[in-house]
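Have a look at the structure below, then the notes.
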2 protein chains.
Amino acid sequence: MEPVSPNTEDEIVEANDLDHLGKMIREARQQKGWTLEEAGKAAGIGRSTLSKIENNQTRPSFDIVRRLTKALDLKTPQLFVQSGPSDISGRRDVTMSGQGEPQDTPTYSHELLCTELTSKRMFPYISTIKARDVSEFESWIRHRGEEFMYVISGEVTLFTEHYRPLALKAGDSVYYDSGMGHGCISTSEEDAKVLWVSLE
Amino acid sequence: MEPVSPNTEDEIVEANDLDHLGKMIREARQQKGWTLEEAGKAAGIGRSTLSKIENNQTRPSFDIVRRLTKALDLKTPQLFVQSGPSDISGRRDVTMSGQGEPQDTPTYSHELLCTELTSKRMFPYISTIKARDVSEFESWIRHRGEEFMYVISGEVTLFTEHYRPLALKAGDSVYYDSGMGHGCISTSEEDAKVLWVSLE
DNA sequence: TGGAAAAGTTTCTTATAGGAAACACGGTCT
DNA sequence: AGACCGTGTTTCCTATAAGAAACTTTTCCA
């Protein structure tokens, strides 16, 4: 991407590319209130090594970093932050309440959000699930990827393979492997509204 | 968390499987129809090095792996997978309303959702934005990736680079390139609640 | 078939990652 | 103050990553 912005903060991001890793790891460790010794032990590495990594005095191996991410619960994608274009570079897409693109399937009635941005990777949509309509629930829904679900209103029960049915009410959320069979029904008097964000 | 924990338990202890990384990289390269030479050049590494990585004859540095992920468009979280195609394969993670993991930054007060599943690719969280608190808004927030935002309650204004400020109320949503500078303030009398889903 | 060019693998060498131990620094006891 | 932690840094050494070039295998066309 061409440098759209005259803002100098862009370069800061790039320049810090190298420093980024050490900084993140140090922050994560301190967040947990761990010493170098403790964190090192948790990750199975020496404290001197960890010190050098945090101070960017070394280029750790992937293996070491992976162990650290595990021990420190680091968000892995953030570690890969580096300069470069995104396919939706510099764009945004708004959908006002109720203005999404309707999509009705036999089983659900969806409202697709932010459909202008076709190249986006996540797919957000809101589903209205009819009250106590159990009839439809015959077979699992299954599609490769991951899914996040947030209950906006009403009460629903989420069924997933390998697990017990899960009763959810407004404000509750679930994250699951959508390759696992799943399905959702309303269990309240009113229709339930659920926000899904799907990622292939 | 709630009394009953249907959550995942991370007890998968890996048996030093380096096979995974090399295999994934080789697949990604062949997917693109590239030779070692071409892929190496794209990533800025030698073809011999790449060969050794693909055959798991070496433990590459994080730096090298990162360059490869970029050149080959690899899904970064998958690289951290221990065994099997996906770490969250056949799993789910629930967070009941208000039971997320608090994370306070200087600028925002977040509630991270579904944090048990550390290897997930999307990061959902709820932010409470204090009413009419404009003071904090000094510099853009910027992080590589994409972001989806849904206003749960209250009224907010989303600022993004290259665009005009955007007034949003409950039920509205936006999808944007989070590499673009952005920031959000509340414009209502009450605190606003916003759901974000972030993807690197 | 051959034999050349391309793709991939294996040396070989140099630079450096990673760990043990020594060092430095700051607190906190008596 | 001095001695003694606990924490983080630096030094030193060994193991090994990374690249260049030599070597092997595969591809492909006359």
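Order of the sequence lines sets the chain letters (A, B, ...), proteins ahead of strands, with each chain counted from 1. The structure presented is a predicted model; accordingly, all values stated were derived computationally and were not measured.
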* **Sugar-phosphate, base or nothing in reach of A:Thr58, heavy atoms under 4.0 Å** =>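 Since only primed, P, OP1 and OP2 atoms lie under 4.0 Å of A:Thr58, the category is sugar-phosphate.
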Nearest whole Å is fine: how far is [N] [atom2] from [X] [atom1]?
X       : N      : atom1 : atom2 : answer
B:Phe62 : C:dT16 : CZ    : C1'   : 18 Å
B:Asn55 : C:dA7  : CG    : P     : 17 Å
B:Leu50 : D:dA20 : CG    : P     : 14 Å
A:Arg67 : C:dA17 : CZ    : P     : 16 Å
A:Ile64 : C:dG19 : CD1   : C1'   : 10 Å
A:Asp63 : D:dA17 : CG    : P     : 10 Å
B:Gln30 : C:dA7  : CD    : P     : 13 Å
A:Ile53 : C:dG19 : CD1   : C1'   : 11 Å

Tell me whether the OP1 or OP2 atom of [N] has a side-chain N or O from [X] closer than 4.0 Å.
X       : N      : result
B:Ser51 : C:dG8  : no
A:Ser48 : D:dT9  : no
B:Arg29 : C:dG8  : yes
A:Ser61 : D:dA17 : no
A:Arg26 : D:dT9  : yes
B:Gln57 : C:dT9  : no

* Bend across the helix from C:dT1-D:dA30 to C:dT30-D:dA1, to 10°, with axes taken over 5 pairs at each end? -> 10°
* Look only at the side chain of A:Thr187 and the backbone of A:Glu155, and say whether a donor-acceptor pair between them is shorter than 3.5 Å. => yes
* Asked: Considering all heavy atoms of both residues, which atom of B:Leu50 and which atom of B:Ala39 are nearest to each other, and what is their separation?
  -> CD2-CB, 3.7 Å
* Heavy atoms from other residues, nucleotides or ligands near NZ of A:Lys41 exceed 12 (cutoff 6.0 Å) -> no
* Asked: Testing A:Cys184, A:Ser178, A:Pro124 for side-chain contact (heavy atoms from CB on, under 4.5 Å) with A:Trp196, which one passes?
  -> A:Cys184
* To do: To the nearest 0.5 angstrom, please state how far the CG atom of B:Leu168 sits from the OH atom of B:Tyr150.
  =>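 Rounded to the nearest 0.5 Å, the CG-OH separation comes to 11.5 Å.
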* To do: Working to the nearest 0.5 Å, report the span between CD1 of B:Ile129 and OG of B:Ser188.
  => 9.0 Å
* Asked: Among residues 32-47 of chain A, which contact DNA chain C at a heavy-atom distance under 4.0 Å?
  -> A:Ile45, A:Gly46, A:Arg47
* To do: Could you tell me whether the side chains of B:Thr160 and A:Arg92 share a donor-acceptor contact shorter than 3.5 Å?
  => yes
* Has the side chain of B:Lys52 got a donor or acceptor atom sitting under 3.5 Å from an opposite partner on the base of C:dG8? -> no
* Residues B:Leu113, B:Leu195; criterion side-chain contact (heavy atoms from CB on, under 4.5 Å); working and verdict -> CA-CA 10 Å; B:Leu113 306 176; B:Leu195 170 70; 3.9 Å; yes
* Structure fact -> Per side chain to side chain donor-acceptor pair (under 3.5 Å), A:Ser198 is matched among A:Arg121, A:Glu147, A:Glu146 by A:Glu147
* Does the pair A:Glu161/A:Arg142 count as a salt bridge with the N-to-O cut at 4.0 Å? -> yes
